[in-house]
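All values derive from a computational prediction rather than experimental measurement.
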Number of protein chains: 2
Amino acid sequence: MAAQESHEEEVPTRERILREASRLFSRKGYHGTSTREIAEAVEIRQPSLFHHFPSKRDIMSELIDIDHGESSIVAERQAAGKGSAALRLYRYLVWDIAFICRCAYDLTSVELVVDDPIFADKMAKRDALVIARRSMIEQAIDSGEFVSVDADLAEKAIVWILRGDIADTAGQAVPDADVVADQLASFILRALLEDASQLGEIRAAGSITEV
Amino acid sequence: MAAQESHEEEVPTRERILREASRLFSRKGYHGTSTREIAEAVEIRQPSLFHHFPSKRDIMSELIDIDHGESSIVAERQAAGKGSAALRLYRYLVWDIAFICRCAYDLTSVELVVDDPIFADKMAKRDALVIARRSMIEQAIDSGEFVSVDADLAEKAIVWILRGDIADTAGQAVPDADVVADQLASFILRALLEDASQLGEIRAAGSITEV
DNA sequence: GAGGTACCCTATCGATTGATAGGGGTGATC
DNA sequence: GATCACCCCTATCAATCGATAGGGTACCTC
């Protein structure tokens, strides 16, 4: 309380670089954004960036890790769980969407850039996430909770919605994150459930317990 | 039949540029793709590109027009139509998805790049498409066909799915375009319909008449 | 107060970018 | 056979890219 400013607005430069870079990457693309633009947004000179990150690629790399890290843990835990697979999918979806909405960074560019050959080393964790999601869908189809859709296509549709939500919220702190999360997760569940009237129970059960 | 090769494999250079550029743009991004890479893929030298297009930007610009042109016409016609709004939305969706699947170009990059400031002039037509889609959703909610969801959010979810499908098919001629179109349109309709049992009627009616 | 660390600066590097200048070959038309 | 349009070439441009070199200043530790 002595040396610290009471404003508490003090955001470390490294943190500001990640925020501004993520914002620019998603508006203009990774390759379309120069290190000079990032530096200007952070209000430092361009070479000063390289004091905090060894290269431009490492800035993007850290954003990818932030995006993939916790999501894959939650998805894999839910995929390996017991009980209603539809409920477990709902829980994962609500958690992931809320995470996206609350994130300080604009992670839009992440899903676009992992397909770029220069970030090929980041694809493994992304693939693990895909497998976990598809597993939950297949479990729900086998148990009769979901209609008999193409599990691959359904998983893709879910990713597309998540990816779109990332682009839409775009790093701005969404005040009603939980509302958006429930709305989108309900949209997805309604498209998949054999009996749409079960959605009420799932939403009630999903909002009680922790993931 | 005299001067023409019987192989009929003769694809004009300009056409090949559009195809290869669209493929590269979606894999590496617009800014991440150099004119030298495009030229190499087309098997000509880099300056020869500029005989067919005045600039790299004009190549992307033409791909954007291809993507937005017919889609907006079909969407606006269906939005202004009469009768079941759910059916009209289904017809538009099936047409658009099938169009995406059959397109010779990989239009993944289009939806990403229209947000880039340098393509700001292309945003008007994209906005018209958004309005037409949201209009159909609002009509279906008002008539009681759809559950009372947030029309903005539903429209976004649809775009995200369409965008994802574009990225997924990625310019390769999908053999079962009509099957994929019906599956994805059904996914969306099921998520929105108040009475899911109406989907059968809509699919039957949608496959008979032309758009 | 000497040494070390953290952070930012100016100046500049080599590589790559999109685009232009200008020449050459081919085929159709008159 | 002269002309012209079409298409592709080599050579090269200025601008911009990511990254490095090296110096200056504030602050902490001993």
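Remark: P of D:dG18 and CG of A:Leu49 are 10 Å apart, rounded to the nearest angstrom. We find that CZ of A:Arg45 is positioned 17 Å from P of D:dG18, with the value rounded to whole Å. The separation between A:Phe50 atom CZ and C:dT10 atom P is 16 Å, rounded to whole Å. Going from atom CD1 of A:Ile17 over to atom C1' of C:dC7 covers 11 Å, rounded to whole Å. When the C1' atom of D:dG24 is taken as reference, atom CD1 of A:Ile44 falls 17 Å away, rounded to whole Å. The NZ atom of A:Lys56 sits 15 Å away from the P atom of D:dT16 (whole-angstrom rounding). If you take CD of B:Glu43 and P of D:dC8, they are 12 Å apart, rounded to a whole angstrom. A:Gln46 places its CD atom 9 Å from the P atom of D:dA19, with the value rounded to the nearest Å.
The structure places OG of B:Ser72 at 11.5 Å from CD1 of B:Ile131, a figure rounded to the nearest 0.5 Å. The structure places CG of A:Leu89 at 9.5 Å from CG of A:Leu193, a figure rounded to the nearest 0.5 Å.
Using a 4.0 Å cutoff on non-hydrogen atoms, no part of residues 29-42 of chain A comes near DNA chain C.
Between B:Glu37 and B:Arg27 there is no salt bridge, since no side-chain nitrogen of the basic residue lies less than 4.0 Å from a carboxylate oxygen of the acidic one. Between B:Arg57 and B:Asp121 there is a salt bridge, since at least one side-chain N of the basic residue sits less than 4.0 Å from a carboxylate O of the acidic one.
The side chain of A:Ser48 contributes an N or O atom lying less than 4.0 Å from OP1 or OP2 of C:dC9. Residue A:His51 places none of its side-chain N or O atoms closer than 4.0 Å to OP1 or OP2 of C:dC9.
A distance-only check finds a donor-acceptor pair linking the side chain of B:Asp150 to the backbone of B:Leu153 [under 3.5 Å]. Remark: the backbone N or O of B:His52 is paired with a side-chain donor or acceptor of B:Arg14 at under 3.5 angstrom.
Each of C:dA19, D:dC8, C:dC8 was ranked by its minimum atom distance to the side chain of B:Thr13; first place goes to D:dC8. Distances from the side chain of B:Ser55 to the nucleotides D:dA19, C:dA19, C:dC7 place C:dA19 closest.
Checking B:Ser135 against B:Gln139 by side-chain atom types alone, a donor-acceptor pair falls below 3.5 Å.
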